[in-house]
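Working notes, beginning with the structure itself.
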Protein chains: 2
Amino acid sequence: MAGIKDVAAAAGVSVATVSRVLNGHPSVSAEARARVMGAVAELEYRPNAVARSLRTDQTHTLGLVISDVLNPYFTELARSVEEEARALGYSVIIGNADERPELQDHHVRNLLDRRIDGLLVSPTDGGSPLMLDAVRAGTPMVFVDRWIPGVDVPVVRADGRGAVRDLVAHLHGLGHRRLAIIAGPAATTTGSERVEAFRAALAEYGLHLPDAYTGQGDFQAESGRRVTEGFLDLPEPPEVVFAADNLMALGALDAVRARGLRVPDDIALAAFDDIPWFVHTDPPVTAIAQPTGELGRAAVRALVDRIEGRTPRSVTLPARLVVRRSCGAPAPPTLSPSPVQRSTS
Amino acid sequence: MAGIKDVAAAAGVSVATVSRVLNGHPSVSAEARARVMGAVAELEYRPNAVARSLRTDQTHTLGLVISDVLNPYFTELARSVEEEARALGYSVIIGNADERPELQDHHVRNLLDRRIDGLLVSPTDGGSPLMLDAVRAGTPMVFVDRWIPGVDVPVVRADGRGAVRDLVAHLHGLGHRRLAIIAGPAATTTGSERVEAFRAALAEYGLHLPDAYTGQGDFQAESGRRVTEGFLDLPEPPEVVFAADNLMALGALDAVRARGLRVPDDIALAAFDDIPWFVHTDPPVTAIAQPTGELGRAAVRALVDRIEGRTPRSVTLPARLVVRRSCGAPAPPTLSPSPVQRSTS
DNA sequence: GTGACTCGTGGAATCGATTACATCCCTCGG
DNA sequence: CCGAGGGATGTAATCGATTCCACGAGTCAC
């Protein structure tokens with residue numbers, strides 16, 4: 001494969017001049033520029049990004065470590081991150097932590113070794129020493145969706161409290177009083193926050209969230225199933241199950257169906273994180289929708305700001321309730337406009 | 001950040017010795033080794049992968065260019081690819097082509113510039129000059145799922161013909177005679193092959209596939225919706241719609257529902273590519289399941305074989321029919337075991 | 001006319017590793 | 001006792017780019 005030396009030789013100039021042309025340095029004669037461009041085209045020369053990175057100490061690459069690629073929420077997040085990064089001239093390397101802290105560390109280490117310019121993380125746990133070290137060492141970092149308290153890193157996330165309140169209002173309005181939640185891991189902020197928001201919203205209606213109605217899940221479908229079975233085994237099962245993410249909601253749906261029960265007649269269901277498929281499930285699932293694409297884009301912008309020397313800001317965007325049929329009320333036609341396909345742009 | 005020189009200084013040896021220790025070269029005294037290890041731990045030294053890659057001309061990185069990350073089929077494929085690659089000591093950089101040839105080229109170029117060791121591609125189109133050049137230049141490459149005919153590159157894919165035949169048999173057995181298909185882009189192998197398999201299977205039952213029953217989609221939900229509307233507008237609409245991928249099936253479901261019609265009573269639906277959500281849709285969708293994880297793993301093995309000097313083999317695995325309720329027959333309980341959650345290992 | 005400046009250019013150092021080659025020191029056989 | 005052979009180690013070249021510095025030529029002001 002042709003190198004910069006070959007180009008220099010072909011153009012009859014020095015490598016320095018070739019480099020200057022390639023990097024748009026002003027101080028190059030039009031004639032030399034033309035000859036270099038010609039040689040570049042002729043040889044189909046492409047600069048070696050590895051060598052360039054070594055010299056400049058910049059890779060123009062962002063790392064994105066997410067907790068579970070199979071979760072459509074994170075898939076969409078990853079997609080919007082890549083899009084925005086590309087628009088800003090960066091590539092993205094995605095690491096899938098699969099909700100396992102050691103895998104998360106593996107990816108962080110790997111990305112750091114590759115000298116990525118910055119790191120976007122949705123932490124699986126309360127924060128490994130490795131990640132904390134990286135922050136201390138000055139690695140540009142931004143948390144997205146989840147974060148680690150007490151660490152001085154910008155956070156880009158959705159605030160679901162308003163939407164959770166709306167949800168509880170909706171449920172209360174339908175006459176439901178015994179509400180249960182399938183929580184995420186307490187080590188994650190989204191895991192604990194959603195429970196808190198739910199509890200707070202219940203309190204506004206004078207309702208209490210008993211321990212028996214607080215199941216511990218891990219954001220995976222299987223745990224949703226398990227917890228829901230526990231709920232159904234209770235002497236007095238809840239009237240509504242609120243799953244803290246879409247996968248656990250699916251597990252819950254499974255568990256309910258396996259008992260031969262029906263949603264919403266026998267038990268109602270709602271989920272945090274809206275996904276296109278919820279429109280098509282039986283029944284369509286009422287969910288809290290995050291502005292996922294916007295989160296991804298804002299996170300990239302914050303990270304790139306940090307990388308390029310500007311001051312990044314934390315961003316919090318509101319989530320919103322999307323009412324469908326899984327809690328009992330027929331959805332007013334105008335309230336579930338959520339299209340199956342996001343814009344392709 | 002500490003470099004190899006710092007380690008050498010701290011350990012009181014030369015950089016060559018440090019490098020030898022790090023790379024497991026035999027000719028190092030136990031004492032020197034210990035001192036180096038100590039210094040490495042002390043300084044928390046991590047070798048700079050960029051510098052290493054420049055020197056060795058190996059990045060231990062694979063590129064994966066897929067057509068659409070939002071499609072759960074490809075998400076799962078990507079996941080299994082990353083898993084197997086990790087097990088073999090490689091990282092993966094994913095490029096999402098979004099079914100757009102120019103985006104695909106962008107990613108291929110980017111990956112090539114980064115000097116990835118090999119490329120896994122599921123081509124969006126018939127093959128850009130860029131990709132062909134890369135093959136000619138000797139870039140290790142393997143096609144997965146889709147491929148480009150006439151190019152000497154190993155292909156790892158599923159053969160759906162048997163399953164399509166089973167599907168047609170199933171439909172025929174249910175009394176359906178007017179069968180339509182929503183095809184994928186003719187430029188993709190999966191786009192044309194599935195139509196051909198369908199047509200061939202119909203022929204076995206003496207059935208013909210009229211042009212009016214062959215809709216042209218693009219593997220995206222919106223096209224499924226559009227084509228299905230066309231079918232429903234026909235003077236004699238089909239009794240069954242077979243979508244060549246899961247997203248178009250979703251669009252079809254939408255279109256049917258928008259008319260106030262019901263699946264399977266008014267029109268039956270089947271899809272190529274099974275995904276966990278099909279268990280939960282209304283009704284559960286009969287689909288052809290590819291051994292996605294196995295495909296991803298086999299593709300990585302083939303690519304790594306090629307990279308490491310062994311001879312890679314093409315692999316074709318059978319797909320299988322998973323009967324659910326969307327075509328009319330109640331599924332025998334044992335026939336839809338497809339679990340909502342794949343194993344996490 | 002001459003010193004100051006700018007502009008275009010090339011030579012060479014540099015980034016952080018790997019590795020060929022040279023060197024030194026031991027051991028061992030004859 | 002000496003030379004061959006081999007193990008441990010260091011010096012320096014190298015990968016392919018970027019960039020500092022020096023230099024020659026041309027321009028301009030005084």
Side-chain angles (χ1 to χ4, degrees), chain A residues 1-40 43-61 89 109-117 137, chain B residues 1-40 43-61 89 109-117 137:
Chain A
M1 188 161 287
I4 197 173
K5 278 196 228 164
D6 305 303
V7 176
V13 297
S14 73
V15 294
T17 300
V18 176
S19 176
R20 278 189 278 256
V21 170
L22 264 32
N23 294 290
H25 191 291
S27 180
V28 183
S29 68
E31 203 241 330
R33 184 181 314 274
R35 294 238 301 284
V36 169
M37 301 295 258
V40 164
L43 300 172
E44 299 191 344
Y45 168 75
R46 299 241 84 215
N48 183 326
V50 174
R52 195 201 287 257
S53 294
L54 176 61
R55 184 59 235 253
T56 60
D57 204 34
Q58 295 186 53
T59 50
H60 276 275
T61 302
R109 195 168 355 246
N110 181 27
L111 292 166
L112 257 22
D113 285 353
R114 300 179 112 79
R115 299 301 193 269
I116 45 136
D117 292 341
Chain B
M1 189 160 287
I4 198 173
K5 278 195 224 162
D6 305 301
V7 175
V13 297
S14 73
V15 294
T17 300
V18 176
S19 176
R20 279 189 277 256
V21 170
L22 262 32
N23 294 290
H25 191 289
S27 181
V28 183
S29 68
E31 204 239 330
R33 185 181 313 274
R35 295 239 300 284
V36 169
M37 302 294 260
V40 165
L43 300 171
E44 300 190 344
Y45 167 75
R46 299 241 84 215
N48 182 327
V50 175
R52 195 201 286 258
S53 293
L54 176 60
R55 183 60 232 252
T56 61
D57 203 33
Q58 297 186 59
T59 49
H60 276 275
T61 302
R109 198 173 346 251
N110 181 27
L111 292 165
L112 256 22
D113 285 353
R114 301 178 112 79
R115 299 301 193 268
I116 44 135
D117 293 341

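For the numbers below, each heavy atom of this structure counts, side chains included, while hydrogens, waters and symmetry mates do not. Just so we're on the same page: letters track the sequence lines, and every chain starts at 1.
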Locate the shortest heavy-atom distance separating A:Ala10 from A:Leu43; write the atom from each residue and the value. CB-CD1, 4.2 Å

Quick one: which of A:Thr17, A:Val21, A:Val18 gives a side chain to side chain contact (heavy atoms under 4.5 Å, CB included) with A:Val7? A:Val18

For the pair B:Asn23 (side chain) and B:His25 (backbone), establish whether a donor and an acceptor sit closer than 3.5 Å, ignoring hydrogens and angles. no

Does some side-chain heavy atom of B:Leu22 sit less than 4.5 Å from a side-chain heavy atom of B:Val40? yes

Which letters describe nucleotides 13-19 of chain C, given B = protein heavy atom under 4.0 Å from base, S = only from sugar-phosphate, - = neither? BBBBBBB

B:Leu112 vs A:Arg46 side-chain heavy atoms within contact, under 4.5 Å: no

Would you find a donor on one side and an acceptor on the other, under 3.5 Å apart, between the side chain of A:Thr56 and the backbone of A:Arg52? yes

Minimal heavy-atom distance between A:His60 and A:Asp117, with the atoms involved, is N-OD2, 2.6 Å

Looking only at non-hydrogen atoms, find the nearest pair between A:Thr59 and A:Arg115 and report the distance. OG1-O, 2.9 Å

Should B:Ser27 be listed as having a side-chain N or O under 4.0 Å from OP1 or OP2 of D:dA8? yes

Net bend of the helix from C:dG1-D:dC30 to C:dG30-D:dC1, end axes of five pairs each, nearest 10 degrees: 50°

